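Only one structure is covered here, and it is reproduced in the block below.
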2 protein chains.
Amino acid sequence: MLKDKPVIAPHECVDCPIRHRAVCARCDVNELEELEAIKYYRSYEAGQTVIWSGDRMDFVGTVVSGIGTLTQTMEDGRTQMVGLLLPSDFVGRPGRDGSAYDVVATTDLVMCCFRKRPFEQMMERTPHLSQRLLEMTLDELDAAREWMLVLGRKTAREKIASLLSIVARRDASLKLGVPDGPLVFDLPLTREAMADYLGLTLETVSRQISALKRDGVIHLEGKRHVTIPDFTRLMEEAGDDSDGGMLV
Amino acid sequence: MLKDKPVIAPHECVDCPIRHRAVCARCDVNELEELEAIKYYRSYEAGQTVIWSGDRMDFVGTVVSGIGTLTQTMEDGRTQMVGLLLPSDFVGRPGRDGSAYDVVATTDLVMCCFRKRPFEQMMERTPHLSQRLLEMTLDELDAAREWMLVLGRKTAREKIASLLSIVARRDASLKLGVPDGPLVFDLPLTREAMADYLGLTLETVSRQISALKRDGVIHLEGKRHVTIPDFTRLMEEAGDDSDGGMLV
DNA sequence: CGAGAGCCTTGATGCAGATCAAACGCGCGA
DNA sequence: TCGCGCGTTTGATCTGCATCAAGGCTCTCG
């Protein structure tokens, strides 16, 4: 299918909606040009709500920079974060009209958007587009279900370790580096946001982070800058058996 | 696309892999015949494991009868159910080799299977197949994320009410009836299975069911036969705002 | 430089649900 | 028919996390 056409290298294809973690070998030039025609950028300030649950969504897109969250809220104010949006993550529900959750910009956020209707029309003509989206959605489903285990069965300490290991992994894969030594990254969430992700209170989050620091599992400079001297140790703390690798 | 072809009524299409809750207007005869060629049935006994997490899966399929669960287990034995498989539910991960979770038959289970490789080849030729699968996967993702709210933020009583309302809804939609009066159905899960779904212990499940019974929210005959006199009341107990309807 | 606002940490106390333990009820096979 | 086993119920106690409360750190703005 790519025969006779120049292949676009991943880094030339930052905005591609079916890019996933910087892998996008399947794009060909025609599609990119077609996508270009329906593409635009939007930016949001920290704290701004990108879409309210139930609102009509007229675009799909990918996060270019910044951090966003998908959250659900009960009338009495209890909230649960159901997804974390990091650069390269896809946002949107092709074939669906409204959003199912609030999408909130946690930091300043830039999105590369594609008008939804023409995008869906492209999907009908381009089987590998919907297949790729299916794969991405299956990945999200796996992640959501893995998180169900975290929420349902893990202790507070294990929850924190699980979150740290996920963020560390995502951060490392974005840097495209295979870090041999300690992992270093900035935690993009407040204690409250972490609590909402983990089904805890912010006080418990704070206490458990202090405990992990005290026990040498992590080091902290300031409140955000994390270094993980031994990733295997962190995985053990998270209660994960397989090393999970840095592969994904 | 359906022009000039006889449309298959839902009830004639019980095994269709892209059937979803008995709606399958998009099938046309050619595809059904092609599917027929790669179709076979399998049955499993209660308690039998259909697929182990990580195992190679060489089919996709739909549940024809019986109840199954998707579960994840930690080395120390803690388990979390991440999905419930009721008749008409799709099982499988087109484009993926292995299963991400254990699939367990909770009751005797009959599946209508399709060989995976030819099915995937069909997907490449048939855009609406992968689009339909994408829609179904988005539905599963929504359900998983809704369950994250249940696991992370609801009390034990709310969790039980949430589970009952989901099973009641699914049961009603399978019967194709729009029940005006009280809902009556059989609970297809043991207390332990419910506990694994809800992130609780079986003792807590038992106590909360007793409490809901005592408060008149539900009635029980034996341990399994449930009647719900007032569905709205149950929804309130579940902490759900919108009535949610019987629509899905 | 000081005041205030956010965000975070830490301490004291309370409670929902886990854990440990015992007994019930029902179906089934001898 | 009895006795056994499995799933369930119920009680007593324990504990991890929530809740309530008080400061601390750091950045910004006057």
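What you see is a predicted model; the values in this text were computed from it and never measured. Letters go in sequence order (proteins before strands), and every chain restarts at 1.
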Practice prompt. For A:Arg170 and A:Pro87, work out which heavy atoms get closest and say how close.
Written response: NH2-O, 3.4 Å

Worksheet item: Can we say A:Asp142 and B:Arg96 salt-bridge, meaning some charged N sits less than 4.0 Å from an Asp/Glu carboxylate O?
Response: no

Response to the item:
Under a 4.0 Å heavy-atom criterion, DNA chain C is touched by chain A from C:dC8 to C:dA12

Fill in: Contacts of A:Lys154 that satisfy side-chain hydrogen bond (donor to acceptor under 3.5 Å, both in side chains) - sequence neighbours left out
A:Ser162, A:Asp240

Going by atom type alone, with no hydrogens or angles, which donor-acceptor pairs under 3.5 Å involve a side-chain atom of residues 223-233 of chain B and a protein atom two or more places apart or on another chain?
from, atom 1, to, atom 2, distance (Å)
B:His225, ND1, B:Asp186, OD1, 2.7
B:Asp230, OD1, B:Thr232, N, 3.1
B:Asp230, OD1, B:Arg233, N, 3.3
B:Arg233, NH2, B:Glu237, OE2, 3.1

Fill in: Spacing of B:Leu220 atom CG and B:Ser210 atom OG [to the nearest 0.5 Å]
8.0 Å

Worksheet entry | Residue-level proximity of residues 160-167 of chain A to DNA chain D when a heavy atom falls under 4.0 Å | none

Discussion item. Test of understanding: with side-chain hydrogen bond (donor to acceptor under 3.5 Å, both in side chains), list the residues that count as partners of A:Thr79, not counting sequence neighbours.
Written reply: A:Asp196

Worksheet, complete the sentence: In short, A:Tyr197 meets A:Gln80 closest at the heavy-atom pair O-NE2, 3.0 Å

Worksheet entry | Partner residues of B:Thr155 under the side-chain hydrogen bond (donor to acceptor under 3.5 Å, both in side chains) criterion, sequence neighbours left out | B:Glu158

Fill in: Between C1' of D:dG16 and CZ of A:Arg207, the distance in whole Å
11 Å

Practice prompt. Using the ring pair (Phe, Tyr, Trp, His ring centres under 6.0 Å) rule, collect all pairs that involve residues 62-89 of chain A, keeping only residues at least two apart or in two chains.
Written response: none

Practice prompt. May I ask you to list the residues of residues 193-203 of chain A, by number, that have any heavy atom positioned under 4.0 Å from an atom of DNA chain D?
Written response: A:Gly199, A:Leu200, A:Thr201, A:Glu203

Between protein and nucleotides 5-7 of chain D, what N or O pairs are separated by less than 3.5 Å?
none

Donor-acceptor pairs are to be reported for all side-chain atoms of residues 198-205 of chain B against protein atoms at under 3.5 Å, with residues two or more places apart or in another chain.
from, atom 1, to, atom 2, distance (Å)
B:Thr201, OG1, B:Thr204, N, 3.4
B:Thr201, OG1, B:Thr204, OG1, 3.1

Worksheet item: DNA chain D: B:Thr204 or A:Val205, which has the more 5' nearest nucleotide?
Response: B:Thr204

Fill in: Spacing between B:Gln208 atom CD and D:dT9 atom C1', to the nearest angstrom
13 Å

Only distances under 3.5 Å count here; give the side-chain donor-acceptor pairs of residues 45-59 of chain B to other protein atoms, sequence neighbours excluded, each with its distance to 0.1 Å.
from, atom 1, to, atom 2, distance (Å)
B:Gln48, OE1, B:Glu45, N, 2.8
B:Ser53, OG, B:Ala100, O, 3.4

Worksheet entry | Residue pair A:Met148 / B:Met81: nearest heavy atoms and the distance that separates them | CE-O, 3.8 Å

Fill in: Pairing residues for B:Thr69 by the side-chain hydrogen bond (donor to acceptor under 3.5 Å, both in side chains) criterion, not counting sequence neighbours
none

